[in-house]
Amino acid sequence: MTAEAVERLEIDLLFEAMHRRYGYDFRHYASSSAARRVMRRVAREGLSSVSELQHCVLHDESVAEALLRDLSINVTELFRDPEFYCALRDTVLPQLAAHVHLKFWHAGCATGEEVYSMAILLTEEGLYERSQLYATDFNPVALEAANSGVFPLARMRLYSSNYLQAGGKRSLSDYYHANYERTIMDEKLKQSILFTHHNLATDSSFGEMQVIICRNVLIYFDRELQERVLQLFDDSLCDAGFLCLGSHETLKLSGLADRYETVVDKQRIYRKIG
Amino acid sequence: MVSRQPVLTLGKASLLMLGIGTIALVGLPDMSGLNLLEALRAQPEAEQIPVVVYTGKELEPKERAQLDHYAQSVIIKDARSPERLLDDTTLFLHRVEEDLPEAQRRTIRMLHDVETLFAGRKVLLVDDDMRNIFSLSAVLQEKSVEVFTAANGREALEQLQAEPDIALVLMDIMMPEMDGYEAMRRIREQPRFAELSIIALTAKAMKGDRALCIEAGANDYLAKPVDTEKLLSMMRVWLYR
């Protein structure tokens with residue numbers, strides 16, 4: 001067995017340990033990005049192998065905690081990829097206006113920036129009152145942070161710029177209150193958002209949505225898990241419902257591809273037809 | 001979430017301990033706010049407690065300077081101030097909480113709490129069809145849910161009055177005597193049930209009917225015949241809050 005193969009084996013065993021000991025399942029994460037993060041943690045702990053990290057993870061909660069954080073890093077911003085929100089505003093939302101009640105699912109919402117962005121967008125387009133937003137993640141601490149609606153003040157300049165580029169009709173500051181170097185999102189934005197736990201690797205559909213947004217989450221999964229998740233989304237989407245993926249992701253390679261038509265290719269917005 | 005016990009009594013005011021810090025609402029009939037703060041700071045156990053001042057009074061610069069000396073934040077009452085006060089307090093407590101070392105260790109342990117979502121929770125099933133009641137009860141009891149039942153809207157209301165800790169209601173729509181819409185409207189009329197999760201189980205499939213469920217007060221809806229897996233998933237979602 002080559003040295004590389006041994007290292008891959010060690011990583012598999014590490015994830016098995018993580019799963020059995022704490023319940024967190026990274027066994028189907030895409031190997032290269034996961035491996036990079038694991039090796040970084042090995043280095044940071046001053047260890048010389050993944051097997052040593054496994055020992056620490058099993059016996060020291062704080063190391064397990066640190067590894068969990070490493071593996072959960074999800075770069076997110078309010079109105080990240082402003083063109084995506086422009087596309088929603090111009091192309092998707094007008095088609096939803098005929099519905100009396102709308103359900104949106106943000107799958108893998110992490111700390112919530114994306115769902116708050118959607119809440120703001122829906123408010124400005126007059127659709128918030130008839131919308132229910134579900135924001136799910138497998139990480140309870142991220143969910144708690146998302147539910148608090150508290151973000152660092154230092155990020156607001158970038159977020160304000162994103163908001164304006166996304167076609168924002170007012171000022172981002174109309175939607176938050178700032179103090180003590182942080183901001184808290186307006187309570188009104190939270191009213192129709194349900195932050196709740198859901199594991200894309202193991203859990204089932206919980207309802208029928210008009211729009212599912214899952215951006216930059218699937219890239220961390222291997223093909224098998226990606227297919228499982230896309231099937232789950234398919235089960236959770238109404239006819240003519242919209243599926244929105246991240247700009248580096250695609251539906252094209254999936255077995256489900258022919259059940260969808262492309263609405264905005266560049267923003268990876270698809271609609272269910274089959 | 002927090003236990004409320006009086007900590008200090010100064011004049012006619014009792015300061016309630018709210019957990020990490022005490023928030024004192026200043027503006028009292030028998031003692032000026034400033035005197036209260038001075039007295040507070042003089043107590044050894046209260047020396048370090050952060051204070052947010054909330055006042056209807058316009059403050060002169062000298063008063064403001066004095067208050068700033070004792071208080072972390074001063075908010076002047078206006079139309080938006082109740083929300084402002086809550087936001088400000090939340091932000092302040094957030095800052096305090098993040099500094100605690102224990103906060104770092106929580107992620108790993110929290111997942112266990114998620115898995116025990118159903119056990120011991122109280123759920124009310126409302127349906128006039130006994131077969132549905134039996135089959136759903138069986139499924140839920142297998143998850144260690146404590147199941148309560150009602151055959152119509154009126155009985156549902158009675159059950160809710162009798163059992164204070166019901167966390168979730170599964171509400172059939174078409175029932176005699178009082179239907180699901182009416183029952184939900186009546187439930188939502190009572191402020192203490194504002195946070196109660198209600199999932200409507202409706203045999204009617206038209207889009208407008210589903211919207212009617214939401215309008216009547218349901219948080220969500222599921223079409224009959226009920227897909228058990230979907231129902232459990234949906235219940236997990238609404239029980240998590």
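Within every chain, numbering begins at 1; the chains are lettered A, B, ... in the order of the sequence lines, protein sequences first and strands thereafter. Just so we're clear, the structure is a prediction, and the values are computed from it rather than from any experiment.
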Around B:Arg192, counting heavy atoms of other residues, nucleotides and ligands shown, do more than 12 lie under 6.0 Å from its CZ?
yes
Anything under 30° is parallel, anything over 60° is perpendicular, the rest tilted; go ahead and classify B:Tyr240 against A:His197.
tilted
Identify the two heavy atoms, one from A:Gly207 and one from B:Met234, that lie closest to each other, and give their separation to 0.1 Å.
CA-CE, 4.0 Å
Reported OG1-to-CZ distance for the pair A:Thr136 and B:Arg236, which is rounded to 0.5 angstrom
13.0 Å
Using the side chain to side chain donor-acceptor pair (under 3.5 Å) criterion, which residues pair with A:Thr202? Sequence neighbours excluded.
none
Separation between CD of A:Glu208 and CG of B:Leu222, rounded to the nearest 0.5 Å
9.5 Å
What distance separates B:Asp87 CG from A:Met185 CE, expressed to the nearest 0.5 Å?
10.5 Å
Would you mind reporting whether A:Lys103 and B:Asp220 have side-chain heavy atoms less than 4.5 Å apart?
yes
Considering residues at least two apart in sequence or located in another chain, which fulfil the side chain to side chain contact (heavy atoms under 4.5 Å, CB included) criterion with B:Arg185?
B:Tyr181, B:Glu182, B:Ala216
Distance-minimising heavy-atom pair for A:Val150 and B:Leu91
CG1-CD2, 3.8 Å
Go through the atoms of A:Asn199 and report whether side chain, backbone, both or neither lie under 4.5 Å from a heavy atom of chain B.
neither
Contacts of A:Ser131 that satisfy side chain to side chain contact (heavy atoms under 4.5 Å, CB included) - sequence neighbours left out
A:Leu102, A:Phe104, A:Leu122, A:Leu127, A:Leu133
Contact origin within A:Ala142 toward chain B - heavy atom pairs under 4.5 Å
neither
What pair of heavy atoms forms the shortest contact from B:Thr90 to A:Ile184, and how long is it?
CG2-CD1, 3.7 Å
Residue by residue, scan residues 224-233 of chain B and write down, ordered by number, those that have a heavy-atom distance under 4.5 Å to chain A; if none do, write 'none'.
B:Glu229, B:Lys230, B:Ser233
Applying a strict 4.5 Å limit to non-hydrogen atoms, the region of A:Tyr176 in contact with chain B is neither
